[in-house]
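To keep things clear, I will list the structure first and then write my remarks on it.
All figures in this text were calculated on a predicted structure; none of them were measured in a lab. Whatever order the structure lists ligands and atoms in, that order sets their numbers, starting from 1. Note that these values count all heavy atoms, side chains included, but never hydrogens, waters or copies made by symmetry.
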Amino acid sequence: MEKKNLDWGNLSFEYQRTDYSYVCNYHDGAWEEGGLTTDHTVTISECAGILHYCQECFEGLKAYTTEDGSIVCFRPDLNAKRMASSEKRLIMPEFPEDKFVDAVKQVVKANAAWVPPFGSGATLYVRPLMFATGEVIGVKPADAYQFRILVTPVGPYFKGGCKPIDICVSEYDRAAPHGTGNIKAGLNYAMSLYPYMVAHHNGFNENLYLDSETRTYVEETGGANVLFVDKSGTLVVPKSFTDSILPSITRRSLVYVAENMLGMKVDERPVKFSEVENGDFVECGLCGTAAVISPVASITNEGKKTTFPAGCDEMGPVMTKLRGTLTDIQSGKVAGPEGWICKIC
Ligand SMILES: *Cc1c(COP(=O)(O)O)cnc(C)c1O
């Protein structure tokens with residue numbers, strides 16, 4: 001198969017249309033068969049539910065080329081499951097999990113020419129999404145939906161490697177406490193844009209949200225989970241008692257790698273922000289599909305800056321090891337647990 005003529009090493013993290021998307025419609029209580037399309041636009045009624053009451057959710061994963069030339073993706077079954085739980089919370093029909101994985105395989109295979117070659121640092125970003133197409137004017141769930149998957153080749157999320165970033169505690173609460181922060185949906189992102197722009201204006205790369213009930217505990221940033229390393233080398237993973245941290249697949253994979261492959265101690269528990277300010281942690285990182293781990297140099301809260309001594313100028317040793325092991329599993333260099341790598345073609 002002939003690859004597209006792209007400058008693979010210099011792709012940015014921006015949308016670029018490819019040959020095919022996947023589309024499947026829901027109406028009259030059932031999903032259609034669904035399939036590939038070359039139409040990359042969506043036409044909907046001005047009264048479609050998505051435009052008024054924001055019934056929409058999405059997923060994000062990546063497909064890439066391994067050393068032996070296969071095209072694979074990482075744990076798509078977990079994306080399928082998480083999307084189904086987002087759909088459930090938004091009263092949208094669940095897209096069957098096996099159909100989801102099959103759709104990912106179909107659309108990636110059809111766009112094989114757009115999958116960046118091994119070693120380029122780039123990946124094919126896969127974005128499944130679902131939205132209400134049915135018309136609603138009174139507040140209620142719509143009766144028709146569209147599930148789509150678009151794919152687009154992207155470069156590394158952070159250009160220039162893994163330089164630690166500075167983040168701040170958000171003055172604003174997350175949009176959706178009590179179990180709606182754990183759905184992957186545009187509505188949560190819409191509400192995070194204002195605080196994000198404020199943080200940028202003040203010179204920070206990201207916002208860290210505290211629990212909105214007591215503003216005591218660490219939750220996550222707008223689009224990534226948080227990890228800490230304490231002085232004894234334990235990986236400390238914030239847990240939400242209001243179920244408002246998005247269950248990151250990267251975080252769950254890193255926790256598994258830490259415990260079962262690196263022999264590390266992992267402590268998943270509510271983490272008070274005061275522990276950060278007390279200097280209890282030596283490293284901090286943000287994790288998600290796009291960057292795997294991005295190291296955090298400092299967190300500022302109300303003008304008070306806390307730095308992480310072991311990861312300030314460059315990524316700290318524990319985060320480096322964790323990131324390296326997971327990326328080696330993803331690239332097929334190191335054998336990971338059964339089923340983590342899903343071969344497409
Ligand atoms: C997608 C997302 C993450 C990261 O999840 P991954 O499955 O690791 O990509 C973290 N937080 C939020 C709010 C997200 O939307």
Side-chain angles (χ1 to χ4, degrees), residues 13 54 56-64 73-87 89-90 97 100-101 104 123-130 149 151 154 156-158 165 167 170 172-196 199 205-212 218-228 235 237-240 242-258 268 284-294 296 319 322-323 325-327 329-330 336 340 342:
F13 205 89
C54 211
E56 183 268 359
C57 62
F58 67 92
E59 272 301 324
L61 65 159
K62 55 196 183 184
Y64 49 94
C73 61
F74 186 69
R75 307 186 79 180
D77 52 315
L78 296 189
N79 296 94
K81 194 169 262 132
R82 188 171 64 188
M83 185 133 174
S85 71
S86 297
E87 289 152 1
R89 184 62 180 78
L90 290 165
E97 292 174 31
F100 178 106
V101 174
V104 168
T123 58
L124 187 74
Y125 187 70
V126 179
R127 168 57 61 89
L129 67 156
M130 191 198 290
I149 305 178
V151 300
V154 293
Y157 195 72
F158 291 107
I165 57 173
I167 68 177
S170 177
Y172 301 89
D173 292 331
R174 286 190 88 196
H178 289 290
T180 50
N182 71 358
I183 61 172
K184 202 167 178 77
L187 67 96
N188 282 337
Y189 278 83
M191 296 306 288
S192 76
L193 293 176
Y194 188 84
Y196 180 76
N205 301 89
E206 259 301 341
N207 258 311
L208 176 70
Y209 293 99
L210 302 181
D211 79 280
S212 51
V218 172
E219 287 202 335
E220 61 172 324
T221 64
N225 284 184
V226 185
L227 304 169
F228 296 105
L235 185 67
V237 183
K239 194 166 160 168
S240 166
T242 51
D243 206 14
S244 43
I245 296 178
L246 199 276
S248 158
I249 293 162
T250 314
R251 183 251 296 167
R252 287 180 275 164
S253 304
L254 289 166
V255 163
Y256 183 92
V257 163
E268 296 190 72
C284 176
L286 305 180
C287 68
T289 293
V292 185
I293 296 181
S294 4
V296 173
M319 294 295 170
L322 277 169
R323 187 178 193 281
T325 310
L326 188 59
T327 53
I329 291 171
Q330 290 180 334
W340 279 21
C342 170

With sequence neighbours excluded, what pairs up with Glu219 under the side-chain hydrogen bond (donor to acceptor under 3.5 Å, both in side chains) test? Ser244
Which protein non-hydrogen atom lies closest to atom 15 (O) of ligand 1, naming both residue and atom, and how far is it? Tyr189 OH, 2.6 Å
Counting from 1 in the order shown, the ligand 1 atoms closer than 4.0 Å to a non-hydrogen atom of Gly222 are 13 (C)
Between Ala224 and ligand 1, which part of the residue brings a heavy atom under 4.0 Å of the ligand: side chain, backbone, both or neither? backbone
Test your reading of the model: is there a side-chain donor-acceptor pair from Asn225 to the backbone of Arg251, 3.5 Å cut-off? no
Would Arg82 count as a contact of ligand 1 if the rule is a heavy atom under 4.0 Å away? yes
Does Arg323 have any side-chain hydrogen bond (donor to acceptor under 3.5 Å, both in side chains) partners at least two apart in sequence or in another chain, and if so, which? none
Atom 11 (N) of ligand 1 - nearest protein heavy atom and its distance: Glu220 OE1, 2.6 Å
Under 4.0 Å, counting heavy atoms only: does Gly60 come that close to any atom of ligand 1? no
Residue portion contacting ligand 1 (non-hydrogen atoms closer than 4.0 Å) for Ile249: both
Enumerate the atoms of ligand 1 whose separation from the nearest heavy atom of Asn225 is less than 4.0 angstrom. 10 (C), 11 (N)
Return the closest protein heavy atom for atom 1 (C) of ligand 1 as residue, atom name and distance. Lys184 NZ, 1.3 Å
For atom 3 (C) of ligand 1, find the nearest protein heavy atom and state the residue, atom name and distance (0.1 Å precision). Gly223 O, 3.4 Å
From the list Met83, Arg82, Lys184, side-chain contact (heavy atoms from CB on, under 4.5 Å) with Cys57 holds only for Met83
Please answer whether the main-chain N or O of Gln330 pairs with a side-chain N or O of Tyr64 as donor and acceptor at a distance below 3.5 Å. yes
Quick check: Thr289 and ligand 1, any N/O pair under 3.5 Å apart? yes
For a 4.5 angstrom cut-off between non-hydrogen side-chain atoms, does Phe228 reach Pro238? yes
Backbone of Glu59 reached by a side-chain donor or acceptor of Arg127 within 3.5 Å: yes
Using the side-chain contact (heavy atoms from CB on, under 4.5 Å) rule, pick out the option among Val126, Leu61, Val104 that qualifies with Asn79. Leu61
Taking 4.0 angstrom as the limit and counting only heavy atoms of Gly288, give me the atoms of ligand 1 inside it, by number and element. 4 (C), 8 (O), 9 (O)
Quick check: does Thr221 get an N/O under 3.5 Å from an N/O on ligand 1? no
Is a side-chain N or O of Glu206 found less than 3.5 angstrom from the main chain of Thr221, in a donor-acceptor match? no
